[in-house]
Amino acid sequence: MTRLILHLDLDAFFAALEQRDHPEWRGLPLVVGAAPGGRGVVATCSYEARRYGVHSAMPIGEAVRRLPPETVYVRPQMARYAEASRQVMTALERLSPVIEPVSVDEAFLDVTGLERLIGPPEAIGRQAKMLVQETVGLTASVGIGPNRLIAKLASERDKPDGLTVVPSETVQAFLDPLPLTVLRGLGRRTAPKLRALGLETVADVRALSLEHLRRLLGAHQGTRIYQQARGLAEDRVEVGRSRQSISKETTFPEDVTDPALLRETLRWAAQEVAYLARHGGYQGTVVTLKIRFRGFETHTRTQTLRMPTADDRTLFRTAWALLEAGRWGARPVRLIGLGLSAWAQGLDAAVQPDLFSGANRSGADWSGANCSDVNRSGATCSDANRAPVTPTETRLNETLDAIRARFGPGVIQRGGQRRRP
DNA sequence: TCTGGGGTCCTAGGACCC
DNA sequence: TCTGGGGTCCTAGGACCC
């Protein structure tokens with residue numbers, strides 16, 4: 001049976017939200033991302049900025065070089081964006097309850113059968129865009145097709161504020177002239193392998209045999225590309241997919257050799273990850289340490305624990321032990337971070353929300369307390385309403401403030417948004 | 001140009017067991 | 001003396017995506 005899959009993508013989401021809330025920024029090039037002069041990239045930029053060739057993931061320095069002086073630079077406020085995203089997703093549920101958000105600004109909906117209620121696919125698409133406009137006052141681009149790949153490519157066809165429907169009969173004609181990089185999995189590394197053979201478009205890829213593609217890209221990847229080139233892809237939309245891992249990492253404004261600062265940063269990451277895990281009802285058994293040295297050389301080390309945990313001290317101790325076991329010496333560190341994954345069977349958030357966070361609801365006052373002996377169930381000082389800052393965080397903030405004082409404001413990027421006293 | 005942060009999934013090798 | 005095949009788990013790295 002042919003399904004009808006709808007993909008919706010909010011146009012320049014972060015930038016559009018900033019311009020919505022700051023009328024004085026409308027019509028100007030606007031960049032959401034790292035501070036100019038800092039060590040980061042563009043997260044999103046307004047369409048006015050895109051005219052200068054600026055795009056997501058471009059190093060901020062390069063963006064500054066290209067953009068005119070009147071450009072507005074803002075730091076991401078993820079909490080605000082997440083809230084708007086939730087509003088959008090909730091509104092779209094009224095169109096179809098079979099919805100799978102894939103990121104903060106994108107979702108797939110299975111709208112199979114809605115034609116009887118609403119009308120042709122175009123009418124369903126218009127309905128989706130209207131819901132977004134009414135809810136958050138933003139435009140979205142919508143694509144509709146028989147599977148996720150086609151729906152997604154259709155939404156990219158006509159941006160911003162576009163609506164493209166690709167019926168099954170026209171899938172191949174739609175796909176054939178597109179550059180081969182539109183296929184999922186043909187990126188920076190893999191695409192050149194095919195270009196080396198003189199291939200440019202999806203039609204060119206379709207000329208290769210399954211065996212040839214499997215030899216070139218590996219059995220799994222080769223098969224997937226072979227199918228995608230023929231318009232065949234996943235058409236299931238998974239409701240309530242739960243996450244597989246939680247991580248926190250940070251790039252220092254300047255490479256760090258001081259072990260104390262690495263320790264404090266790792267402790268901060270452990271607290272953040274543990275906090276998120278407990279509030280999501282997760283306990284994980286695999287701890288990952290991530291470290292990136294000067295020159296961008298990146299390593300990961302993992303350890304599988306005997307017992308699942310969401311305790312920040314366990315995460316920190318495990319990660320620190322991994323770091324010491326790495327024997328990397330005193331090389332300048334660019335980035336450090338920590339992750340938790342491999343949830344205890346049957347205990348993820350979808351099944352047992354908040355199973356592990358009950359102990360955190362006591363309302364006890366941890367502020368300024370020594371949190372080393374709170375309890376064994378995962379509660380620590382970093383919970384209690386999040387308002388009091390932990391001693392660890394205070395120390396980290398002091399260190400980061402010192403760096404700010406040396407390198408100027410705005411250079412410190414710490415992932416996510418949080419309440420600060 | 002000099003590369004964020006948060007993710008997902010895959011591969012490949014080695015250990016270990018039957 | 002030399003040497004199996006399969007399954008599972010763990011680990012490191014990498015490609016890719018938004």
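Note that this is a predicted model, so its numbers are computed, not measured. Throughout, a chain's letter reflects where its sequence line sits, starting with A, and its residues are numbered from 1.
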Contact list for DNA chain B against [range] - heavy-atom distance below 4.0 Å:
| range | answer |
| --- | --- |
| residues 204-211 of chain A | none |
| residues 42-61 of chain A | A/Ala57 |
| residues 323-336 of chain A | A/Arg334, A/Leu335 |

Worksheet item: Got more than 12 heavy atoms from elsewhere within 6.0 Å of CZ, A/Arg331?
Response: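 Count over threshold, so yes.
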Worksheet entry | C/dT3 and B/dC17, which share atom name P, separated by this distance in whole Å | 23 Å
Worksheet item: Given Watson-Crick or G-U pairs with both distances under 3.5 Å, what dot-bracket string fits DNA chain C, with | for other-strand pairs and [ ] for crossing?
Response: ....||||||||||||||
Between [X] and [Y] (salt bridge meaning N to carboxylate O under 4.0 Å), is one present in this structure?
| X | Y | value |
| --- | --- | --- |
| A/Glu211 | A/Arg215 | no |
| A/Asp255 | A/Arg294 | yes |
| A/Arg292 | A/Glu249 | no |
| A/Arg267 | A/Asp312 | no |
| A/Lys152 | A/Glu106 | yes |

Rounded off to whole Å, could you give me the [atom1]-to-[atom2] distance for the [X] and [N] pair?
| X | N | atom1 | atom2 | result |
| --- | --- | --- | --- | --- |
| A/Tyr81 | B/dG5 | OH | P | 16 Å |
| A/Tyr275 | B/dG6 | OH | P | 15 Å |
| A/Asp255 | B/dT3 | CG | P | 10 Å |
| A/His7 | C/dC17 | NE2 | C1' | 11 Å |
| A/Arg301 | C/dC10 | CZ | P | 18 Å |
| A/Met78 | B/dG7 | CE | P | 10 Å |
| A/Leu216 | B/dC10 | CG | P | 19 Å |
| A/Asp105 | C/dC17 | CG | C1' | 11 Å |

Worksheet item: Is there side-chain contact between A/Leu95 and A/Leu109, with at least one heavy-atom pair below 4.5 Å?
Response: yes
Worksheet item: Looking at side-chain heavy atoms only, is the closest gap between A/Thr250 and A/Leu335 below 4.5 Å?
Response: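 Result no, sub-4.5 Å side-chain heavy-atom pair not found.
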Worksheet item: According to the interplanar angle, ranging from 0 to 90°, do the rings of A/Tyr275 and A/His279 count as parallel (below 30°), tilted (30 to 60°) or perpendicular (above 60°)?
Response: tilted
Worksheet entry | Whether A/Phe14 and A/Tyr81 hold their rings parallel, tilted or perpendicular, with breakpoints at 30° and 60° | parallel
Kindly write out the residues that satisfy side-chain hydrogen bond (donor to acceptor under 3.5 Å, both in side chains) with [X], not counting sequence neighbours, or none if the list is empty.
| X | result |
| --- | --- |
| A/Thr201 | A/Asp204 |
| A/Thr44 | none |
| A/Arg50 | none |

What nucleic acid atoms does [X] come within less than 4.0 Å of, heavy atoms only: base, sugar-phosphate, or nothing?
| X | answer |
| --- | --- |
| A/Lys152 | sugar-phosphate |
| A/Arg224 | nothing |
| A/Glu106 | sugar-phosphate |

Fill in: Residue pair A/Ala107 / A/Met89: nearest heavy atoms and the distance that separates them
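Minimum heavy-atom contact is CB-SD, 3.7 Å.
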Discussion item. I need the minimum non-hydrogen distance between A/Asp258 and A/Ala260, along with the two atoms involved.
Written reply: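 Reported closest heavy-atom pair: OD1-N, 2.9 Å.
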Discussion item. Does a side-chain N or O of A/Lys248 approach OP1 or OP2 of B/dG6 to a distance below 4.0 Å, or not?
Written reply: yes
Worksheet item: For B/dG4, does either OP1 or OP2 sit under 4.0 Å from a side-chain N or O belonging to A/Thr250?
Response: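 The answer is no; no side-chain N or O of A/Thr250 sits under 4.0 Å from OP1 or OP2.
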Item to complete: By nearest nucleotide on DNA chain B, pick out whichever of A/Ala219 and A/Gln244 is the more 5' one.
Response: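 The residue mapped nearer the 5' terminus is A/Gln244.
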Worksheet entry | 5' precedence on DNA chain B between A/Ser245 and A/Gln221 (nearest-nucleotide basis) | A/Ser245
Worksheet item: Among residues 287-295 of chain A, which contact DNA chain C at a heavy-atom distance under 4.0 Å?
Response: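 Here the set is empty: none.
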Worksheet entry | Qualifying side chain to side chain donor-acceptor pair (under 3.5 Å) pairs, either residue in residues 127-137 of chain A, two or more places apart | A/Lys129-A/Asp161
Item to complete: Look only at the side chain of A/Glu234 and the backbone of A/Arg236, and say whether a donor-acceptor pair between them is shorter than 3.5 Å.
Response: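 Answer holds: yes.
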Worksheet entry | ring-ring contact (aromatic ring centres under 6.0 Å, His included) against A/His299, all qualifying residues, sequence neighbours excluded |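 A/His299 satisfies ring-ring contact (aromatic ring centres under 6.0 Å, His included) with A/Trp328 only.
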Item to complete: For A/Phe296 and B/dT3, say yes or no: do the ring centres fall under 5.5 Å of each other while the ring planes differ by less than 30°?
Response: yes
Discussion item. Does A/Arg148 qualify as a cation-pi partner of A/Phe108, given the criterion of NZ or CZ under 6.0 Å from the six-membered ring centre and within 45 degrees of its axis?
Written reply: yes
Discussion item. I need the full list of salt bridge (Lys or Arg N to Asp or Glu O under 4.0 Å) pairs touching residues 11-27 of chain A, with sequence neighbours left out, sorted by first then second residue.
Written reply: A/Glu18-A/Arg80, A/Asp21-A/Arg80
Which atom pairs link the protein and nucleotides 12-16 of chain B when you take only N or O atoms and keep those under 3.5 Å?
none

